[in-house]
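Chain naming here is simple, since letters A, B, ... match the order of the sequence lines and numbering starts at 1 in each. This is a predicted model, so every value here is computed, not measured.
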Amino acid sequence: MTRLSSLFSLLLMLVLGLFLGLFITLQSLSSTSAPGSIGNGAWVLWPKAGAPDADPYSLAIHARRGDVPMAQGEGLALFAIHDSEGKPLSGRCSYEIAGHFPSARVWSVSAYHPDGRLIDNAAGRYGLTSSEVVLENGQNRIRISASPMPGNWLPVTKDSAFVLILRFYETPLSAIASVLDWSRMPKLTAMGCQP
Amino acid sequence: MNRFLLKGLQFGLGVLILAGIAHLLSILLMPKVARHNPASQLLTTYDANAPVLLPDRTPVQTDMAFADPAMTAAICPFDVSEGPVRLRLRSGEHFMSLVFLNPDGRISYALTDKAAIRRLIDIRIVTETQLRQLEAQDPDDEPVQELRIRVKEQRGVVLVRVFNPVPSAAAGNRALLQRMVCGMDNPS
């Protein structure tokens, strides 16, 4: 009887341990504060993901997401799944990316469904590049909204969560990604939401 | 009471240790088992040692999540088990990058169009043994013109991407990538 209860206890321990371990894995891979990531305000990046000695968490996150990370030397990619106040990005709201853009040969910004697909829209516009953006008072200002906006408009779908990626190609920042000066990076702020 | 408490502590500690092991193993195995890992997906879908021009990024594409729609892309899935693989292409006026991916998605090497010599990127993908054989055959008085990239794994994918500053640049970049050479160096 004692042996049976010990066996049951061991099995229960195994099952609970396995479930708890896998739960922690799923939570850490879905989180923007997983080991290997650094973030500030709305943006998060995985500075070692594109290096030959990438850490296991960065590798696991990108493998699960199904994307190819930006290689070291190629550039730097900033992800946003929430705005600077920590609220998830939603098609019900409009947003603006503005502020200081770091030095890079070229850059692009694009919007995606949370599963990584581009967002279908009537304008057929899936992103904007540094060449397409028209400066406003000498500054880059990008508006993200489901309804058409004047100026540099990036469309998203109403009533749906989305992800933004801002990529800087051939930037000196890729070498110092882990010690970025966030005050010299663009800000992503919510401009208002529809009820 | 103390015996009951001790048993409870032992059980809790056991669960935590097992959870830690399960967590670490699942993190380490994720790149090998993830269904969406683009490198393994591309290696399964396309033949090795032949260039493939990927379709323009649209909402229906699911082969590579979060791909930049401003990039026109091609791949060179390689297998160096039978010998070195040659990858040759011309760079244009727009930013270009070449990223070497292992089957588990790890990036082993990357370069940009800055590595081009007179706008030509000429790469020989080799194993350690093949590199030694090539170096033994190199003439002493002539510098090697090609870039030799040594890979640890025999199979992999080179992802080549060219930036389209405006959508109309995509046609020119597609034409550029269509001329990319990717194949066995000296096929028998």
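Ring pair B/Phe95/A/Tyr169 is tilted by interplanar angle, where 30° to 60° counts as tilted. Note on ring orientation: taking the six-membered ring where Trp is involved, the planes of B/Phe100 and B/Phe78 are tilted (angle from 30° to 60°). Ring geometry for A/Phe79 against A/Trp46 counts as perpendicular: the plane angle is over 60°, on a 0 to 90° scale with 30° as the lower cut.
The pair B/Arg86-B/Glu146 meets the salt-bridge criterion, with a side-chain N (NZ, NE, NH1 or NH2) lying under 4.0 Å from an Asp/Glu carboxylate O. The pair A/Glu85-A/Lys87 counts as a salt bridge, with a side-chain nitrogen and a carboxylate oxygen less than 4.0 angstrom apart. The residues A/Asp115 and A/Arg65 are annotated as not salt-bridged, no charged nitrogen and carboxylate oxygen being separated by less than 4.0 angstrom.
Using a 4.5 Å cut-off between heavy atoms, B/Leu159 contacts chain A through its side chain alone, with no backbone atom that close. Heavy-atom distances place no part of B/Leu29 under 4.5 Å from chain A, backbone and side chain included. At a 4.5 Å heavy-atom cutoff, the contact between A/Tyr112 and chain B is made by side-chain atoms alone. For B/Leu28, the part lying under 4.5 angstrom from a heavy atom of chain A is the side chain only. The contact between A/Leu14 and chain B is made by backbone and side chain atoms together, counting heavy-atom distances below 4.5 Å. When heavy atoms are compared at a cutoff of 4.5 Å, A/Asp53 approaches chain B solely by way of its backbone atoms N, CA, C and O. Residue contact with chain B, scored on non-hydrogen atoms closer than 4.5 Å, is absent for A/Ala77. Residue B/Phe163 touches chain A through its side chain alone, counting heavy-atom pairs closer than 4.5 Å. Contact annotation for A/Ile119: only backbone heavy atoms (N, CA, C, O) come within less than 4.5 Å of a heavy atom of chain B. With a 4.5 angstrom heavy-atom cutoff, B/Asn164 touches chain A only via backbone atoms. Interface residue A/Ser9: backbone and side-chain heavy atoms are both found under 4.5 Å from chain B. With a 4.5 angstrom heavy-atom cutoff, A/Arg64 touches chain B via backbone and side-chain atoms both. For A/Leu12, the parts lying under 4.5 angstrom from a heavy atom of chain B are both the backbone and the side chain. Interface remark: A/Val109 contributes no atoms to any contact with chain B (heavy atom separation under 4.5 Å).
No side-chain donor-acceptor contact under 3.5 Å links A/Ser145 and A/Ser94. With 3.5 Å as the limit, one finds a donor-acceptor pair spanning the side chains of A/Glu170 and B/Thr112. A side-chain donor-acceptor contact under 3.5 Å links B/Ser97 and A/Glu74.
Note on A/Ala51, A/Gly127, A/Ser108: by heavy-atom pairs under 4.5 Å with chain B, the leading option is A/Ser108. Ranking A/Arg117, A/His113, A/Arg125, A/His62 against chain B, the residue ahead of the rest is A/Arg117, based on heavy-atom pairs under 4.5 Å. Counting heavy-atom pairs closer than 4.5 Å to chain B, the top-ranked of the candidates A/Leu128, A/Ile165, A/Val68 is A/Val68. In terms of heavy-atom pairs under 4.5 Å with chain B, the best-connected choice from A/Asn121, A/Leu18, A/Thr25 is A/Thr25. With chain B as partner, the option from A/Leu22, A/Leu20, A/Val106 having the largest number of non-hydrogen pairs under 4.5 angstrom is A/Val106.
Sparse packing is recorded around CD of B/Glu82, with 12 or fewer heavy atoms of other residues, nucleotides or ligands lying under 6.0 Å away.
Pairing each heavy atom of A/Gly151 with each of A/Arg143, the nearest pair is CA-NH1, 4.2 Å.
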